[in-house]
Structures are given as structure tokens and as C-alpha cells.
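Please read the structure below before turning to the comments.
What you are looking at is a predicted structure, and each value in this text was computed from that prediction instead of being measured. Nothing fancy with the numbering, it's 1 onward along the sequence.
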Amino acid sequence: MNDNAPYPPDLTDDELARLDITVLLRYGLTAEPGNRRTALFGDGAAAAAVILDRLGTEPRSVAFLADIVRAGGLALAAELPEPLPRPEAADVVREWLQAGTELMGGIAADDTAATWLRAVATIVELKQLTRARDRST
């Protein structure tokens, strides 16, 4: 991942869903502020939200997982038999958690991952609220 590469703005949901979240986590969780961290919290969080939203994940489930990561760390969360209620979402997020665990970034990486998961939960919630509002008008 090149920190000097131009950053592509305005990706569609389909383009976001094709991003490699695992790679963004590997390079962004322990990175200093800059392009890698921006990619993780920008398109990475939006992409994760698109994927989880398409799998029917409730934002509160992702927020709860963020709390688990903050309290017990990525390693503990990666070992959960069901990190999210839906099996497909659990499989996807388990891969993301494992990628973070492999970094051995300690408490700092755990806290960053928890903050990132909270951002993902917020975006999922915003997507759902926007859809509900659009249906009611």
C-alpha cells in the first residue's frame, strides 16, 4: 500500500463492497495518522458497512462487538463462536478480527479496531435510517 498514491473518492456501494477490508485493517490499524489510517476509517469503514448492511446486520450488533473488542481485545473477539448474530456476517467479521489479531499491535490496535467498528456501526445505522426515510416519502 503506497502512502503517496492518490486516494479515489466517490466510490459506489458496489465498488466499496469489493475493497479488501482485511488489507486495509492490516495496514491501517497500527499506522500513524496519514493515508493508510484515512483509507481504513474512510472507504474501509464505508465498505465494511456496505458489506454488513447487505448481510442484514443490525448496527447495534456491530457496536456491541466494538465494546467487546475494547474490553477484551481483538484476540478475544476473534475467538467468539458468533461475533455477529448472522452466520454470514460472523464469518466475514471473524476474518477482519483475525487480521487485526495477527498484527500483535496490543492495546493501541485493539482500541483503534474498536473505534473503527463503532464507525462501521454508525454508517450501517445511517444507511438504514436513510432507506427508511426514503421509503416513507
Side-chain angles (χ1 to χ4, degrees):
M1 195 172 214
N2 180 352
D3 271 346
N4 296 320
Y7 192 66
D10 302 325
L11 298 174
T12 66
D13 279 4
D14 288 337
E15 290 169 327
L16 286 168
R18 288 191 297 270
L19 291 180
D20 192 336
I21 307 298
T22 304
V23 169
L24 291 170
L25 285 164
R26 282 188 187 129
Y27 287 98
L29 276 181
T30 57
E32 296 295 321
N35 287 348
R36 292 177 184 187
R37 185 64 64 91
T38 299
L40 176 62
F41 277 87
D43 286 345
V50 167
I51 292 165
L52 293 178
D53 183 51
R54 287 179 175 180
L55 293 172
T57 306
E58 291 294 324
R60 67 179 176 263
S61 299
V62 182
F64 183 70
L65 180 59
D67 292 343
I68 292 170
V69 170
R70 188 166 313 281
L74 282 162
L76 173 87
E79 292 178 8
L80 292 172
E82 210 171 72
L84 290 175
R86 294 179 178 261
E88 301 85 7
D91 291 343
V92 168
V93 82
R94 190 176 296 108
E95 182 182 326
W96 300 343
L97 295 168
Q98 188 61 42
T101 301
E102 292 167 0
L103 296 171
M104 294 192 209
I107 293 171
D110 293 342
D111 286 346
T112 301
T115 302
W116 179 78
L117 284 165
R118 277 283 175 181
V120 172
T122 299
I123 297 168
V124 172
E125 183 174 25
L126 289 171
K127 290 180 79 49
Q128 292 177 357
L129 290 171
T130 300
R131 265 196 314 273
R133 186 192 67 213
D134 289 348
R135 279 191 295 256
S136 69
T137 56

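Atom CG of Asp43 sits about 4.5 Å away from atom CG of Leu11, to the nearest 0.5 Å. Once rounded to the nearest 0.5 Å, the distance linking CG of Asp53 with CD of Glu58 reads 9.0 Å. Taking CG from Leu24 and CH2 from Trp116, the interatomic distance works out to 8.5 Å, rounded to the nearest 0.5 Å. Taking CG of Leu29 as the reference point, atom CZ of Phe41 lies at 7.5 Å (rounded to 0.5 Å). To the nearest 0.5 angstrom, Glu88 atom CD is 6.5 Å from Leu55 atom CG. Between atom NZ of residue Lys127 and atom CG of residue Leu52 there is a gap of 11.5 Å, rounded to the nearest 0.5 Å.
Residues passing the side-chain contact (heavy atoms from CB on, under 4.5 Å) test with Ser136, sequence neighbours excluded: none. Applying the salt bridge (Lys or Arg N to Asp or Glu O under 4.0 Å) test to Glu102 and every residue at least two apart in sequence or in another chain returns Arg26.
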Quick one: side chains of residues 60-84, donor-acceptor pairs under 3.5 Å with protein atoms, not counting sequence neighbours, listed by atom name and distance.
residue : atom : partner : partner atom : Å
Asp67   : OD1  : Arg118  : NH2          : 2.6
Asp67   : OD2  : Arg118  : NH2          : 3.1
Arg70   : NH2  : Thr115  : OG1          : 3.1

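Shown here for Ile21 and Gly44, the closest heavy-atom pair between the two residues is CD1-O, 3.6 Å. Considering all non-hydrogen atoms of both residues, Glu15 and Asp10 come closest at OE1-O, 4.3 Å. Nearest heavy atoms, Ala17 versus Val50: CB-CG1, 4.0 Å. Shown here for Thr30 and Ala109, the closest heavy-atom pair between the two residues is CG2-CB, 4.1 Å. Across all non-hydrogen atoms, the minimal contact from Thr57 to Gln128 is O-NE2, 3.2 Å. Nearest approach of Leu19 to Ala47, heavy atoms of both residues: CD1-CB, 4.0 Å.
Atom CZ of Arg94 is surrounded by more than 12 heavy atoms from other residues, nucleotides or ligands within 6.0 Å.
Clustering ILVMFWY residues whenever any of their side-chain heavy atoms sit less than 4.5 angstrom apart, transitively, puts Leu40 in the very cluster that holds Val92.
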